[in-house]
Amino acid sequence: IIQARIGSKRLPGKSMKNLCGKPLLYYVIQRVKKATTLDLIVLATPETPENDVLENLAKELHIHVFRGPEDDVLKRFVDAARLYGANIIVRVSADNPLTAPEEIDRIVFHHLKTNADYSFNVVPKMGNNYPDGLGAEVINFSIFCAFILIIWLLESTKSRFLESNF
């Protein structure tokens, strides 16, 4: 799943910014398509009209599109994974035009080989010396849903505590 939206607060429209004659998202999609471990690629983007341009580009490049709520990236992500029947999700950020397909494949193979719940190579950790923007995150859908449930429970408990005590 490639997550993208036009309404970035820091740099609005960054996914469609021109980079050597093509939108930034074009390069991300083309590089992700070169990964051999992916069954399908989905662009998850908000359902607001300003994001139609992202959907159009994804369709031009022959990848699937999921449109979800603007203000809930987690719901958009889960709903996209659920719609397309993902058991394992690979998340790629739409603002990394140097995402390396070999690194996507390497982390997916690692994830499967080690039977991990979550694998990543998106930040320089554990001496990997990767610059930011090359990698991906891989997570089992069931674990991701469990994380979301925990977050929801914590937020719900916090809200109830604040309402009853303040």
query = Would you find a donor on one side and an acceptor on the other, under 3.5 Å apart, between the side chain of Asn51 and the backbone of Ile6?
reply = yes
query = Under the 3.5 angstrom rule, does the side chain of Tyr27 hit a backbone N or O of Leu19 as a donor-acceptor pair?
reply = yes
Do [X] and [Y] make a side-chain contact, defined as non-hydrogen atoms from C-beta onward lying under 4.5 Å apart?
X	Y	result
His111	Val90	no
Leu83	Asp79	no
Leu25	Leu61	no

Using 0.5 Å steps for rounding, measure from the [atom1] atom of [X] to the [atom2] atom of [Y].
X	Y	atom1	atom2	value
Leu43	Gln3	CG	CD	9.5 Å
Arg5	Arg76	CZ	CZ	7.0 Å
Ile148	Leu153	CD1	CG	12.0 Å
Ile2	Asp95	CD1	CG	11.5 Å
Leu38	Ile89	CG	CD1	12.5 Å
Asp117	Asn140	CG	CG	5.5 Å

Using the rule that two of Ile, Leu, Val, Met, Phe, Trp, Tyr join whenever any of their side-chain heavy atoms come within less than 4.5 Å, decide whether [X] and [Y] are in one cluster.
X	Y	value
Leu24	Val92	yes
Phe77	Ile143	yes
Ile41	Val53	yes
Val32	Ile63	yes
Ile1	Ile139	yes

Please report the shortest heavy-atom distance between [X] and [Y], naming the atom on each side.
X	Y	result
Ala86	Phe141	O-CB, 3.4 Å
Ala35	Ile104	CB-CG2, 3.8 Å
Ser15	Ala4	OG-CB, 3.8 Å
Arg31	Pro97	CD-O, 2.9 Å

inquiry  = So for atom CG, which belongs to Asp39, do other residues, nucleotides or ligands contribute more than 12 heavy atoms lying within a distance under 6.0 Å?
reply    = no
inquiry  = Quick check on Lys33: does its NZ atom have over 12 non-hydrogen neighbours (other residues, nucleotides or ligands) under 6.0 Å away?
reply    = yes
Ring centers of Phe147, Tyr118 separated by less than 6.0 Å = no
message = Taking the basic N atoms (NZ, or NE/NH1/NH2) and the acidic carboxylate oxygens, is any pair closer than 4.0 Å for Lys59 and Glu55?
response = yes
inquiry  = Could you tell me if Thr99 and Asn96 have a donor-acceptor pair between their side chains, going purely by distance under 3.5 Å?
reply    = no
inquiry  = Please evaluate residues Phe144 and Leu74 with respect to the criterion side-chain contact (heavy atoms from CB on, under 4.5 Å), reporting the C-alpha separation (whole Å), side-chain torsions for both, the decisive distance (0.1 Å), and the verdict.
reply    = CA-CA 10 Å; Phe144 188 70; Leu74 286 177; 3.7 Å; yes
request  = Apply side-chain contact (heavy atoms from CB on, under 4.5 Å) to the pair His110 and Asn121, showing each step before the final yes or no.
outcome  = CA-CA 11 Å; His110 167 81; Asn121 61 358; over 6 Å; no
ask   = Where do Arg67 and Thr45 land on the side-chain contact (heavy atoms from CB on, under 4.5 Å) test, with the steps shown first?
value = CA-CA 5 Å; Arg67 304 289 295 264; Thr45 192; 3.2 Å; yes
